[in-house]
Protein chains: 2
Amino acid sequence: MILERNLKDLLDRHLAPSLVKRVLAEPSLVQLRGERRTITTLFVDAAGIGFTMEKLDPEQSVRYLNEYLEAVHQVILDHDGFMDKVVGDEIMAFWGAPLPSEQHAESACRTAVAIRKRLAELSDDFRRRGLDPVHAHIGVNTGEAIVGSFGPSDHPAYTPMGHAVNLGARLVSEARRNSVDIAVSEFTREALATRTQNPDEEFALKALLPIETLMRKEPVKVYAVTA
Amino acid sequence: MILERNLKDLLDRHLAPSLVKRVLAEPSLVQLRGERRTITTLFVDAAGIGFTMEKLDPEQSVRYLNEYLEAVHQVILDHDGFMDKVVGDEIMAFWGAPLPSEQHAESACRTAVAIRKRLAELSDDFRRRGLDPVHAHIGVNTGEAIVGSFGPSDHPAYTPMGHAVNLGARLVSEARRNSVDIAVSEFTREALATRTQNPDEEFALKALLPIETLMRKEPVKVYAVTA
């Protein structure tokens with residue numbers, strides 16, 4: 001079946017194998033032609049990793065970045081995330097599609113915290129080997145996106161598109177600008193509140209300065225996850 | 001042979017089929033573990049396409065974006081470019097690796113001009129069908145990059161990394177900020193000059209304001225391609 005083959009290609013290596021099986025067992029979950037879904041996106045950007053890479057020889061440089069990417073990738077798959085793409089040293093993942101989830105915001109936030117922990121370990125290891133530690137800024141946002149198979153026909157990718165995704169990417173810059181590790185939007189905080197009694201406490205949320213967006217007139221509230 | 005299989009997977013759909021064959025016939029061209037190469041990168045960003053997409057229903061929206069991506073993709077492959085990746089509505093391609101090329105800057109600039117022409121035709125077609133025209137900003141930069149197989153081990157991608165690549169992406173913003181279609185750096189202009197007697201005339205280069213970068217102390221000169 002062509003559709004199933006395509007679907008497997010689109011999912012393989014992006015989702016934990018057990019989840020790929022679940023989706024293939026229920027292919028109607030995935031509307032490749034596009035559908036609106038509420039999802040939570042996570043962006044991870046390695047601060048200054050490019051400067052470290054420039055100091056290394058090309059082969060060391062590739063190995064160094066790949067160790068970092070591999071570590072973050074694994075945390076995302078372990079938390080049932082969809083590993084969307086790697087762009088340079090930036091990683092994008094999402095929750096809430098293709099498998100529906102009631103806890104996409106919570107999963108993404110727990111993943112962000114786990115990535116921070118994993119990178120602290122990795123940095124210790126890097127230091128022991130005489131390499132620079134690696135530090136990342138993480139942005140998490142929740143909202144409606146169009147999810148589907150985007151790209152030229154021989155180059156498709158299952159991915160979300162829309163303002164909510166762009167805002168997720170922007171929250172990485174907000175984290176950087178505020179010198180915090182993880183920044184989430186008020187939309188993610190609201191989604192967390194439907195699941196946990198007190199997200200402010202559980203994730204130790206601290207308000208940062210709100211940001212202006214093209215999405216709506218009122219500024220969007222931004223919080224640091226300090227848990 | 002595992003290496004050859006991996007190599008084919010890394011190249012397929014990223015290069016014109018005739019070039020994939022040439023690389024596979026001479027696999028030593030590709031140092032997957034990383035090497036320094038001088039390349040020219042091209043970034044294409046569709047201005048405001050997200051706003052058009054939000055007005056359409058999800059399936060129309062996916063089709064609309066995909067028609068645009070398909071058109072640009074085809075121009076890149078027709079010009080022997082390496083179609084690196086699609087990130088939302090942004091497309092990245094490069095010349096000069098894995099196949100060495102004496103004319104990577106020239107090829108990238110000709111591709112930029114051809115993309116502009118192709119999008120004008122596509123926009124006419126979109127208008128006839130009651131859809132918004134599409135307009136893109138393009139950035140082209142030439143410089144040394146580390147090229148290799150980057151990514152988690154089960155998710156590798158043949159791609160260039162480094163300041164020169166980041167500057168290429170930044171030139172898209174410069175094009176947008178200056179309301180021109182195509183912005184190229186002085187490094188690309190220099191590379192053009194090794195091939196054409198008079199690149200300023202051939203590509204109708206017009207100086208824009210120089211930009212500050214982290215790469216070096218002096219500002220980088222930027223030119224609009226108005227040919």
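A, B, ... follow the sequence lines: proteins, then strands. Residue 1 opens every chain. Both backbone and side-chain heavy atoms feed into the values below; hydrogens, waters and symmetry mates do not.
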*asked:* Need one label for A/M92: side chain, backbone, both or neither, based on atoms under 4.5 Å from any heavy atom in chain B.
replied: neither
*Side chain, backbone, both or neither: which part of B/I76 has a non-hydrogen atom closer than 4.5 Å to chain A?*
neither
*Salt bridge present between B/E121 and B/K117 (N-O < 4.0 angstrom)*: yes
_I'd like to verify something: which residue of A/P160, A/A71, A/G88 has the highest number of heavy-atom pairs under 4.5 Å with chain B?_
A/G88
*Can you say whether A/M53 sits under 4.5 Å from chain B via the side chain, the backbone, both, or neither, judging by heavy atoms?*
both
_For chain A, which candidate among B/I91, B/V86, B/V87 shows the most heavy-atom pairs at distances under 4.5 Å?_
B/V87
*Looking at B/Q74, B/Q31, B/H14, B/R63, which makes the most heavy-atom pairs under 4.5 Å with chain A?*
B/H14
*Check for a donor-acceptor pair, side chain of B/E70 on one end and backbone N or O of A/S153 on the other, with a separation under 3.5 Å.*
yes
*Looking only at heavy atoms, what is the nearest atom pair of A/V44 and A/Y68, with distance?*
CG1-OH, 3.4 Å
*Toward chain B, the part of A/I146 with a non-hydrogen atom under 4.5 Å*: side chain
*Among A/A169, A/S61, A/S149, which residue forms the greatest number of heavy-atom pairs with chain B at distances under 4.5 Å?*
A/S149
*Do NZ/NE/NH1/NH2 and the carboxylate oxygens of A/R36 and B/E59 come within less than 4.0 Å?*
no
*In plain terms, say whether B/R118 and B/E67 are close enough for a salt bridge, that is, a side-chain N and a carboxylate O under 4.0 Å apart.*
no
_I'd like to know if B/E35 pairs up with B/R37 as an ion pair, taking the criterion as any Lys NZ or Arg NE/NH1/NH2 lying under 4.0 Å from an Asp or Glu carboxylate oxygen._
yes
*Name the member of B/G162, B/G151, B/G148 that forms the most heavy-atom pairs with chain A at distances under 4.5 Å.*
B/G151
*Would you call B/R170-B/E212 a salt bridge at under 4.0 Å N-O?*
no
